[in-house]
Amino acid sequence: MTDEHTKIRAVTPADYRAVLKVMQDAGLDTDGVMVLGTTYWLMEKDGEAVGAIGLEHGDGVSLLRGAAVSPSARGQGLGRALVMSAVTHAQLRGDKSLYMFSTGGDWESFGFTQIPLAIVMSDIPDAPQVTHYRSHATRPGSTTWMRSLS
């Protein structure tokens, strides 16, 4: 749960190292973090970066990129707050769907359902995670998820 000591704010180029550190500490792949066409948010608790999340944007859809909370800050509802802020942003930009790749987690509790990888590949073909997959033939996570926003 967030409180008055916890803030989520849009990332600036000066935040690049903080985003990388949070994602690396959480064990996430950082290839392609903060590339052109993405939006990121940083979560700070008492001024310290403890979470980060991003969205890769397509035409009427977005792809979640790295929902990460530092190990020392887990168990406080911070990850849920980050994911819901990204969902809200996607809704406000008019996206019809929000996709994500995952290696685990309870994504159904966020309103996501599992879908075939091919759907994401066709709906948001130029997203950095999708182009990385195509060029390296490595699947970005073992499961693919979608949340309808309409």
Side-chain angles (χ1 to χ4, degrees), residues 1-117 119-121 123-124 126-130 132 139-150:
M1 179 132 171
T2 59
D3 57 33
E4 69 275 1
H5 301 281
T6 306
K7 303 209 179 349
I8 300 173
R9 64 175 179 79
V11 164
T12 68
D15 296 315
Y16 179 73
R17 289 189 196 281
V19 170
L20 280 180
K21 180 171 180 359
V22 167
M23 290 190 173
Q24 288 167 342
D25 288 351
L28 297 181
D29 179 12
T30 57
D31 286 347
V33 168
M34 293 182 62
V35 298
L36 189 62
T38 61
T39 304
Y40 279 85
W41 295 269
L42 192 64
M43 177 179 276
E44 296 172 320
K45 187 168 177 101
D46 295 321
E48 179 186 345
V50 295
I53 195 165
L55 288 176
E56 299 175 358
H57 304 296
D59 186 19
V61 297
S62 287
L63 179 63
L64 200 66
R65 172 69 163 111
V69 174
S70 298
S72 63
R74 290 184 182 156
Q76 302 172 50
L78 302 179
R80 179 164 292 281
L82 275 172
V83 171
M84 295 314 297
S85 71
V87 168
T88 299
H89 180 80
Q91 288 171 322
L92 291 173
R93 79 179 281 280
D95 287 342
K96 296 180 276 323
S97 300
L98 178 59
Y99 298 111
M100 66 169 297
F101 301 115
S102 175
T103 56
D106 179 18
W107 296 106
E108 290 172 341
S109 71
F110 291 98
F112 285 85
T113 56
Q114 267 192 284
I115 60 167
L117 175 64
I119 293 173
V120 178
M121 301 287 286
D123 280 2
I124 191 164
D126 298 324
Q129 290 178 88
V130 173
H132 184 268
R139 184 184 172 102
S142 56
T143 54
T144 309
W145 300 84
M146 181 193 87
R147 177 176 167 155
S148 177
L149 300 176
S150 46

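Index from 1, following the sequence. Just so it is clear, the values below take in all heavy atoms, side chains as well, and ignore hydrogens, waters and symmetry mates.
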Asker: Please assess Met100 against Phe110 for the test side-chain contact (heavy atoms from CB on, under 4.5 Å), listing each intermediate value before the final yes or no.
Answerer: CA-CA 12 Å; Met100 66 169 297; Phe110 291 98; over 6 Å; no

Asker: Kindly give the heavy-atom pair with the smallest separation between Val19 and Ala52, and that separation in Å.
Answerer: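 Looking at all heavy atoms of both residues, the shortest contact is CG1-CB, 4.2 Å.
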
Asker: Any chance CG of Asp46 has more than 12 other-residue heavy atoms, nucleotides or ligands included, within less than 6.0 Å?
Answerer: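 Yes.
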
Asker: Could you walk me through whether Leu55 and Leu98 pass the side-chain contact (heavy atoms from CB on, under 4.5 Å) check?
Answerer: CA-CA 9 Å; Leu55 288 176; Leu98 178 59; 3.5 Å; yes

Asker: Do Val69 and Leu82 come close enough that some side-chain heavy atom pair is under 4.5 Å?
Answerer: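 Answer yes - side chains close enough.
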
Asker: At what distance, to the nearest 0.5 angstrom, does NE2 of His89 lie from OG1 of Thr39?
Answerer: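 The distance works out to 4.5 Å.
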
Asker: Starting at NZ of Lys21, measure out to CG of Asp15 and round the result to the nearest 0.5 Å.
Answerer: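 Nearest 0.5 Å value for the NZ-CG distance: 14.5 Å.
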
Asker: Is the side chain of Thr143 donor-acceptor paired with the backbone N or O of Ser102 at a distance under 3.5 Å, no angle test?
Answerer: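 Yes.
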
Asker: Quick one: NZ on Lys45 to CG on Leu78, what's the gap to the nearest 0.5 Å?
Answerer: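 If we round to the nearest 0.5 Å, Lys45:NZ and Leu78:CG are 5.5 Å apart.
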
Asker: On a heavy-atom basis, which atom in Gly51 and which in Leu42 lie closest, and how many Å separate them?
Answerer: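 What the structure gives for the nearest pair is O-CD1, 3.4 Å.
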
Asker: Examine distances only and state if a side-chain atom of Gln129 and a backbone atom of Leu64 form a donor-acceptor pair shorter than 3.5 Å.
Answerer: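 Yes, Gln129 side chain to Leu64 backbone: donor-acceptor pair under 3.5 Å.
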
Asker: Give, for atom CG of Leu63 and atom CE of Met146, the distance between the pair rounded to the nearest 0.5 Å.
Answerer: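 One finds 13.0 Å between CG of Leu63 and CE of Met146.
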
Asker: To check you understand the geometry: which heavy-atom pair defines the closest contact between Ala49 and Ser70, and what is its length?
Answerer: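 Shortest heavy-atom separation between Ala49 and Ser70 comes out as O-OG, 4.0 Å.
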
Asker: Do you know which two heavy atoms are closest between Arg147 and Gly111, and how far apart they sit?
Answerer: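 Shortest heavy-atom contact: CG-O, 3.6 Å.
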
Asker: Has Asp25 got a side-chain atom pairing as donor or acceptor with Val22's backbone, closer than 3.5 angstrom?
Answerer: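 No; judged by distance alone, with no hydrogens or angles, the pair does not exist.
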
Asker: Which word best sums up how the rings of Trp107 and Phe112 line up, parallel for under 30°, tilted for 30 to 60°, or perpendicular for over 60°?
Answerer: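 Correct class here is perpendicular.
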
Asker: Please determine, by modelled atom types, if Thr38 and Arg65 share a side-chain donor-acceptor pair under 3.5 angstrom.
Answerer: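 Distance-only check fails for Thr38 and Arg65.
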
Asker: What are the two closest non-hydrogen atoms of Ser62 and His57, and how far apart are they?
Answerer: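 For Ser62 and His57, the tightest heavy-atom pair comes out as OG-ND1, 3.0 Å.
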
Asker: Considering non-hydrogen atoms only, spot the tightest contact between Ser97 and Leu149 and give its length.
Answerer: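 Ser97 and Leu149 have their closest heavy atoms at C-CD1, 4.0 Å.
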
Asker: For Lys96, check salt bridge (Lys or Arg N to Asp or Glu O under 4.0 Å) against everything at least two apart and list the hits.
Answerer: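 Counting only residues at least two positions away or on another chain, Lys96 forms no salt bridge (Lys or Arg N to Asp or Glu O under 4.0 Å).
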
Asker: Rounded to the nearest 0.5 Å, how far apart are CD of Glu108 and OG1 of Thr113?
Answerer: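 Nearest 0.5 Å value for the CD-OG1 distance: 8.0 Å.
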
Asker: Rounded to the nearest 0.5 Å, what separation is found between the OG atom of Ser85 and the CZ atom of Arg80?
Answerer: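 Between atom OG of Ser85 and atom CZ of Arg80 there are 12.5 Å.
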
